[in-house]
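As structure tokens, the structure follows; a few thoughts come after it.
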Amino acid sequence: MKKFLSANEAVAHAAAQAGCVVASAYPGTPSTEILENIAKFKDTIRCEWAVNEKVAVETAVGASMAGARAITAMKHVGLNVAMDPLMTFTYVGPLGGFVLVSADDPGMHSSQNEQDNRNLAKFARALLLEPADSQEAYDFTLKAFELSEKFQVPVILRLTTRTSHSASLVELGDFKPAPHPLIPYSKNIAKNIPVPMFARAHRLNAQKRTEAMEKEANRSKFNKVVKPAKGVKVSAKAKVLGIVTSAVAYQYVKEIFPDCQILKLGWTNPLPKALVAKFAKSVKKVLVVEELDPFLEDQIKAMGIKVVEHKTELNMLELNADRLQNLRHEILGDVPKAKAKKVPEGLPTRPPVLCAGCGHRGVFHVLHKLGATVTGDIGCYTLGAFPPLNAMDSTICMGASIGNAAGMKKAGLKGRICAVLGDSTFFHSGITGILSALYNGTPVTTVVLDNRITAMTGHQDNPGTGKTLAGDPAPVTEIADIAKACGYKNVVKVSADDLGGLEKTLSTAMDSGEPWLVIAYAPCRIAAKLTKEGLCEVDPEKCKACGACFKMGCPAMTRGKEIRPGAFQMVIDPNQCAGCKQCGQVCKFGAIKRVR
């Protein structure tokens, strides 16, 4: 059986085929589609969106301890949140196979930083597999469950944006999803409760396990030497060069260095040192090509193997064929440097922008008007930082907005300060922030942009939506109830489309000297299918081209007639307008009316 699958889809199919019983994750690009596709096998896999990555890992850990095969998935920064349980679970060790998919984002296509989670895998003493394409994503995931049970170790499957979202033909074999039989559970406190007296023994076991895994890695078919194909002309310089590589970097190496011997590593932690040493002896020069950190190169150098030095930058941002061509030009000198690609002239630019009708827009418009310092968070609303809204001062990580605002207050920063985060982010890691601010007497105003969906990653459900990943009904968690339970006296809910109400509420809150939680509510227009709820139009007779409406930054607004130099009347694109009426509230001349 063959299917055309992305690596994310291939992982989901492999989890089903391997008999995975429990799957838990928090959505984050580029990993989101893994759980969304596992949900298609809900008859055999119990899958769920957790409120954050730490809980997702803990859920999968519990399933593994009960003897079931379990998988969890997250983007690279999500693993930072989940490291606490993972570090201890590598000591305890799984019973049922445990697989953690870390989807890294070289080049930061949709992330606030660039990190190489191979380092975290080594740090945690986990087994690390790195597929280079969708077929390997499928094969490696199947094997990962077996290796996890064999060595009683968490297995990290590392994808990157390019592998996660690239699709190719995958041979699925005899595809018959069915739950794997549970490994019988028995109470074992010496194994599952790592108090110091037990944890010391676990530490020794982890070292012995690493040694055993390295021996297995040296003979694993996931690590192999790839020789030039028949008919490929091999120059004298290429003949003596051997390249060590892994993951998607292999694809670029295979394309640009087809005439060189390649040691392709798929099992990269622990490093198969004997195999690497044998390969190094078979060639005169060793070149290491990897994406992001010199994870392999540093270990190979530490083995005493001389590695070819080069000036071509490989350890920052995403690799591509041009960069490898420049590397070949430097090392072998038989190809020209890649020509810089020029952007065709005359093409319009389109920076990222909040959708037409987005409720976040009104909140940021008001906060900018009120002159507030705004600590932001991770979500669509990060776009509130850019012109013309210019209403966000910081973004660090999930839930950091509240702590950042509290820190600014404690440091004595003058003026209005406001923390802003979305509903899903609030559930993820905002609750501890508001509780800490209240407990420590810090008068932080927190605005929860409640659009009732996890919007940025593609409209996934969360505890506030009333549905589970599988589409089943779920209790609706009210943010106001949580805040009141934490002890907040000032909890207000206001429509995010009501600019007057927002201004009055936010100015009162920020000037009160007390902790406030403001819920700015407006459903995501796309998720709620409200993109055609209404239509606004501009009366050209009343429009004075003052430009106030353009400061909202709505993509439905376009320039119309120029009535004086540099002053344009506004025209609303009927194909984009969602009828939110925010623009009409900033027009002093009554030129904008809702007509449908």
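Owing to the predicted nature of the structure, the values given are computational and were not obtained by experimental measurement.
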**OP:** Could you check E53 against H428 for side-chain hydrogen bond (donor to acceptor under 3.5 Å, both in side chains), going step by step and ending with a plain yes or no?
**Re:** CA-CA 8 Å; E53 295 86 357; H428 179 286; 2.7 Å; yes

Any side-chain to backbone donor/acceptor pair from [X] onto [Y]? Under 3.5 Å, distance only.
| X | Y | answer |
| --- | --- | --- |
| T90 | V153 | no |
| S148 | A144 | no |
| T141 | A137 | yes |
| S164 | T160 | yes |
| E313 | N315 | yes |
| S31 | G28 | yes |
| D105 | S110 | yes |
| T375 | S401 | yes |
| W267 | N269 | yes |
| S424 | T454 | no |

Between [Y] and [X], is the closest basic N to carboxylate O distance under 4.0 Å?
| X | Y | result |
| --- | --- | --- |
| K264 | E136 | yes |
| R416 | D393 | no |
| R158 | D104 | yes |

Mind checking whether [X] and [Y] have side chains closer than 4.5 Å, heavy atoms only?
| X | Y | value |
| --- | --- | --- |
| P131 | L159 | yes |
| M74 | V57 | yes |
| L324 | V253 | yes |
| L127 | T210 | no |
| F426 | L517 | yes |
| D293 | D298 | no |
| L367 | V420 | yes |

Original post:
Does V353 have any side-chain contact (heavy atoms from CB on, under 4.5 Å) partners at least two apart in sequence or in another chain, and if so, which?
Top reply: R350, R361, P555

Original post:
Are T457 and Y26 close enough that a side-chain donor and a side-chain acceptor fall under 3.5 Å?
Top reply: no

Subject >> Donor-acceptor pair between N8 and N37 side chains, under 3.5 angstrom >> reply: no

Original post:
Of V248, V289, T245, which meets side-chain contact (heavy atoms from CB on, under 4.5 Å) against L319?
Top reply: V289

**OP:** Test F98 against every option in V22, V155, V61, I71 by the side-chain contact (heavy atoms from CB on, under 4.5 Å) rule and name the one that passes.
**Re:** V61

Please find the pair of heavy atoms, one from [X] and one from [Y], that lie closest to each other, and give the distance.
| X | Y | answer |
| --- | --- | --- |
| A405 | A419 | CB-CB, 3.9 Å |
| C380 | H360 | CB-CD2, 4.4 Å |
| D461 | W49 | O-CD1, 3.7 Å |

Distance in Å, [X] [atom1] paired with [Y] [atom2], rounded so as to fall on 0.5 Å steps:
| X | Y | atom1 | atom2 | value |
| --- | --- | --- | --- | --- |
| T268 | R118 | OG1 | CZ | 6.5 Å |
| L271 | L265 | CG | CG | 6.5 Å |
| L292 | M316 | CG | CE | 10.5 Å |
| E33 | E36 | CD | CD | 6.0 Å |
| I243 | Y250 | CD1 | OH | 11.0 Å |
| L120 | M87 | CG | CE | 9.0 Å |

Original post:
When the ring centroid of F140 is compared with that of F222, is the distance short of 6.0 Å?
Top reply: yes

**OP:** Check whether the ring centres of Y138 and H13 lie less than 6.0 Å apart, and answer yes or no.
**Re:** no

Subject >> Steps toward side chain to side chain contact (heavy atoms under 4.5 Å, CB included) verdict (C355, I526) >> reply: CA-CA 9 Å; C355 301; I526 296 176; 3.7 Å; yes

**OP:** For salt bridge (Lys or Arg N to Asp or Glu O under 4.0 Å), just list the numbers for K40 and E9, CA-CA rounded to whole Å, side-chain angles, deciding distance to a tenth of an Å, and then say yes or no.
**Re:** CA-CA 10 Å; K40 297 175 183 178; E9 292 171 320; 5.1 Å; no

Give a yes or no on whether [X] atom [atom1] has more than 12 heavy-atom contacts from other residues, nucleotides or ligands under 6.0 Å away.
| X | atom1 | result |
| --- | --- | --- |
| M303 | CE | yes |
| K273 | NZ | no |
| K467 | NZ | no |

**OP:** Walk me through it: do I300 and V288 pass the test side chain to side chain contact (heavy atoms under 4.5 Å, CB included)?
**Re:** CA-CA 9 Å; I300 292 171; V288 180; 3.9 Å; yes

Original post:
Do I331 and H310 pass the side chain to side chain contact (heavy atoms under 4.5 Å, CB included) test, and can you show the C-alpha distance, the side-chain angles, and the key distance before you say yes or no?
Top reply: CA-CA 7 Å; I331 302 298; H310 53 83; 4.0 Å; yes

**OP:** Decide salt bridge (Lys or Arg N to Asp or Glu O under 4.0 Å) for R162 and E318; before the verdict, give the C-alpha distance in whole Å, the side-chain angles of both, and the deciding distance to 0.1 Å.
**Re:** CA-CA 9 Å; R162 201 58 57 186; E318 187 177 28; 2.7 Å; yes

**OP:** Kindly indicate, with the supporting measurements, whether the criterion side-chain hydrogen bond (donor to acceptor under 3.5 Å, both in side chains) is fulfilled by N52 and S429.
**Re:** CA-CA 7 Å; N52 64 30; S429 48; over 6 Å; no

**OP:** Show your working on salt bridge (Lys or Arg N to Asp or Glu O under 4.0 Å) between K339 and D322 and close with a plain yes or no.
**Re:** CA-CA 8 Å; K339 293 182 179 179; D322 285 352; over 6 Å; no

Subject >> Derivation and outcome, side-chain hydrogen bond (donor to acceptor under 3.5 Å, both in side chains), residues N462 and Q460 >> reply: CA-CA 7 Å; N462 63 52; Q460 289 78 33; over 6 Å; no

**OP:** Let me know which of R328, Q325, K337, E330 forms a side-chain hydrogen bond (donor to acceptor under 3.5 Å, both in side chains) with T312.
**Re:** E330

**OP:** Would you sort out whether K301 and E309 count as a salt bridge (Lys or Arg N to Asp or Glu O under 4.0 Å), showing the intermediate values?
**Re:** CA-CA 11 Å; K301 286 179 176 178; E309 301 289 342; 3.2 Å; yes

**OP:** Verify side chain to side chain contact (heavy atoms under 4.5 Å, CB included) between E290 and L314, making sure each step is shown before the conclusion.
**Re:** CA-CA 7 Å; E290 52 191 324; L314 298 182; over 6 Å; no

